[in-house]
> 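Sharing a structure below in structure tokens format, with a few things to ask.
If you're wondering where the values come from, they're calculated on a predicted model, not measured in any experiment.
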Amino acid sequence: MTFQACRYSKGEAVTGGGDSSLDVWPKPPIWLDLNWVYQTTPTVRSGALKNYSRSPWLPPLMGEDWYELEHSTTELQIRQEGYEAILGGSYVGRIFGNNAIWSFNSPTSQTAGNPTWQSQLGSVGSVGQSTMGILFRSRENWKLVPDFDQRILTAGFQSENTFAPAARTSDGQTIIAYIPTQRTVTIDLTKITAPFARAWWFNPQTARSTFIAEFPTTGAKDFTSPDNNDWVLVVDAASANLAAPGTTSLSW
């Protein structure tokens, strides 16, 4: 059970772009199980990090960010929000929204019947959210710890709207990094707790994975994304013998 926070308090916008259940209930009642985080595109990453590391603590869920067909969001921004949320600390998940779908084309909504909510069930954002779920269910996402200080993705992370978030499972089995624009990034492979690591590119638009190679985990390694689209880099301990990202669903 959770409590839906709001970006407004007493009629005024909350400082930092959002609010959370624990901001409303700083001493959480016994019925509150999840910390609902409510953010905007510019503050998704900072809001996720804040609520991951706060005390008292509850498992963080990105309950709402900016929706598809609202705020002039682009297809890339919708995907960025999702990956920034989960890799930034909201590992429980992220709720996706589309204006036509959530309003069911209400006459007072931004879409007001055009496009129809039925047509948006296959929208880029809807498919991208499903694809993101396919990826994270194929790895132990409940163990992900955000790369707070860029000790894992050590170079090429950039900043602001091109920032590349990364996280590692607490046991050092898997590293996942989202690369929103084409570039070369550096991963410290010593953070993988096995002698060798296997690396993959996962396409967040198609859910297809491409095996890169197996590498010794003795130092840093550069990876260059395949093209100018956004990509997800997945690095696993070779000894875990995990299937290609997005091709299996691990049990909890």
> So Val145 and Thr169, do their side chains get closer than 4.5 Å, heavy atoms only?
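Heavy-atom side-chain distance check fails, nothing below 4.5 Å.
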> With distance as the sole criterion, is a donor-acceptor pair present between the side chains of Asp188 and Thr154 under 3.5 Å?
no
> Would you check if there is a donor-acceptor pair between the side chains of Thr181 and Arg183 at a distance under 3.5 Å?
yes
> Hey, is the main chain of Lys191 close enough, under 3.5 Å, to the side chain of Arg168 for a donor-acceptor pair?
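At least one qualifying donor-acceptor pair exists.
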> Out of curiosity, Asn98 CG to Ser123 OG, how far, rounded to the nearest 0.5 Å?
5.0 Å
> Strictly distance-based, threshold 3.5 Å: is any side-chain N or O of Asn99 a donor or acceptor partner for the main-chain N or O of Leu69?
no
> Thinking salt bridges, do Arg94 and Asp65 make one under a 4.0 Å N-O criterion?
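Salt bridge: yes.
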> Measuring only between side-chain heavy atoms, which start at C-beta, is Tyr67 closer than 4.5 Å to Phe96?
no
> Of Phe196, Trp200, Phe223, which meets ring-ring contact (aromatic ring centres under 6.0 Å, His included) against Phe215?
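Going through the options one by one, the only one that passes is Phe223.
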> Just by distance, do the side chain of Thr217 and the backbone of Pro195 share a donor-acceptor pair under 3.5 Å?
yes
> If Ile, Leu, Val, Met, Phe, Trp and Tyr residues are connected whenever their side-chain heavy atoms lie under 4.5 Å apart, and connections chain through other members, are Ile176 and Leu153 in the same group?
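Unlinked, Ile176 and Leu153 end up in two clusters.
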> Looking at Ile179, is its backbone amide N or carbonyl O close enough to the side chain of Asp230 to form a donor-acceptor pair, meaning the two atoms are under 3.5 Å apart?
no
> Leu58 and side-chain contact (heavy atoms from CB on, under 4.5 Å): which partner among Leu22, Leu34, Asp33?
Leu22
> Can you check whether Ile86's main-chain N or O pairs, donor with acceptor, with Ser90's side chain at less than 3.5 Å?
no
> Using 4.0 Å as the upper bound for N to carboxylate O, is an ion pair formed by Arg54 and Asp23?
yes
> Apply the test side chain to side chain contact (heavy atoms under 4.5 Å, CB included) to residues Trp142 and Phe136: give CA-CA distance (whole Å), side-chain angles for both, the deciding distance (0.1 Å), then the verdict.
CA-CA 9 Å; Trp142 57 95; Phe136 284 108; over 6 Å; no
> Output the distance between atom CZ (Arg79) and atom CD (Glu84), rounded to the nearest 0.5 Å.
13.0 Å
> Of all heavy-atom pairs between Phe148 and Ser53, which one has the smallest distance, and what is that distance?
CZ-CB, 4.3 Å
> For the pair Thr218 and Leu189, evaluate side chain to side chain contact (heavy atoms under 4.5 Å, CB included) and give the outcome as yes or no after the intermediate values.
CA-CA 7 Å; Thr218 54; Leu189 293 182; over 6 Å; no
> Is the CH2 atom of Trp201 crowded by more than 12 outside heavy atoms at less than 6.0 Å?
yes
> For the residue pair Asn51 and Ser20, confirm or rule out a side-chain donor-acceptor distance under 3.5 Å.
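The answer is yes; a qualifying pair exists.
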> Report, one line per pair, each donor and acceptor closer than 3.5 Å where one atom sits in a side chain of residues 157-165; sequence neighbours left out.
from: Gln158; atom 1: OE1; to: Thr162; atom 2: OG1; distance (Å): 2.8
from: Thr162; atom 1: OG1; to: Ser159; atom 2: O; distance (Å): 3.1

> How about Thr174 and Val234: do any of their side-chain heavy atoms sit closer than 4.5 Å?
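A side-chain contact under 4.5 Å exists here.
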> If only side-chain N and O atoms count, and only distance matters, is there a donor-acceptor pair under 3.5 Å linking Thr73 with Gln77?
no
> For the residue pair Phe202 and Tyr178, is the inter-centroid distance of their aromatic rings smaller than 6.0 Å?
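No; Tyr178 has its ring centre 6.0 Å or more from that of Phe202.
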> Assess the side chains of Thr43 and Ser46: does a donor N or O sit below 3.5 Å from an acceptor N or O?
no
> Can you measure from CH2 (Trp57) to CG (Asn35) and round to the nearest 0.5 angstrom?
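So the gap between those two atoms works out to 9.5 Å.
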> Would you say that more than 12 heavy atoms from the other residues, nucleotides or ligands in this model lie under 6.0 Å from the CD of Glu75, or not?
no
> Is any NZ, NE, NH1 or NH2 atom of the basic residue among Arg139 and Asp236 found under 4.0 Å from an Asp or Glu carboxylate oxygen of the other?
yes
> Give a yes or no on whether a salt bridge exists between Asp171 and Lys143, defined as a side-chain N under 4.0 angstrom from a carboxylate O.
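Judged by the 4.0 Å cut-off on N to carboxylate O distance, Asp171 and Lys143 do form a salt bridge.
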> Any side-chain heavy-atom pair from Tyr91 and Leu61 closer than 4.5 angstrom?
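Heavy-atom side-chain distance check fails, nothing below 4.5 Å.
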> Would Ser225 and Gln182 count as a side-chain hydrogen bond (donor to acceptor under 3.5 Å, both in side chains) if you check the C-alpha gap in whole Å, the side-chain angles of each, and the deciding distance to 0.1 Å?
CA-CA 6 Å; Ser225 45; Gln182 188 174 31; 4.9 Å; no
> Answer yes or no: is there a donor N or O on one side and an acceptor on the other, between the side chain of Glu68 and the main chain of Ile78, under 3.5 Å?
no
> Following the transitive rule for hydrophobic clusters with a side-chain heavy-atom cut-off under 4.5 Å over Ile, Leu, Val, Met, Phe, Trp and Tyr, establish whether Leu144 and Val92 coincide in one cluster.
no
> What I'd like to find out is whether the side chain of Ser21 reaches to under 4.5 Å of the side chain of Pro28, using heavy atoms alone.
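Ser21 vs Pro28: side chains apart.
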> Hey, can you pull the donor-acceptor pairs under 3.5 Å for the side chains in residues 237-245, sequence neighbours left out?
from: Asn241; atom 1: OD1; to: Arg198; atom 2: NH1; distance (Å): 3.2

> Looking only at side chains, do Gln120 and Trp102 share a donor and an acceptor under 3.5 Å apart?
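Side chains of Gln120 and Trp102: no pair found under 3.5 Å.
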> Atom CZ of Phe211 and atom CD of Glu214: how far apart are they, to the nearest 0.5 Å?
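These two atoms lie 6.0 Å from each other.
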> Kindly indicate whether the side chain of Leu233, heavy atoms from C-beta on, has any atom under 4.5 Å from the side chain of Ile212.
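Result yes, sub-4.5 Å side-chain heavy-atom pair found.
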> Check whether Ser103 reaches the backbone of Asn105 with its side chain - one donor and one acceptor, N or O, closer than 3.5 Å.
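Checked: pair present.
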> Out of the candidates Asn228, Asn229, Asp227, only one should pair with Trp231 under the side chain to side chain donor-acceptor pair (under 3.5 Å) rule; please name it.
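One option only clears the test, and that one is Asp227.
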> For residues Leu32 and Thr2, determine if any side-chain heavy atom of one lies less than 4.5 Å from a side-chain heavy atom of the other.
yes
> Among the clusters formed by ILVMFWY side chains lying less than 4.5 Å apart, do Val185 and Ile175 turn up in the same one?
yes
> Would you say the side chains of Gln173 and Thr193 form a donor-acceptor pair under 3.5 Å?
no
> With a 4.5 Å heavy-atom cut-off, do Glu70 and Thr111 have their side chains touching?
no
> Are Trp36 and Phe3 close enough that their ring centers fall under 6.0 Å?
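Trp36 vs Phe3: aromatic centres not under 6.0 Å.
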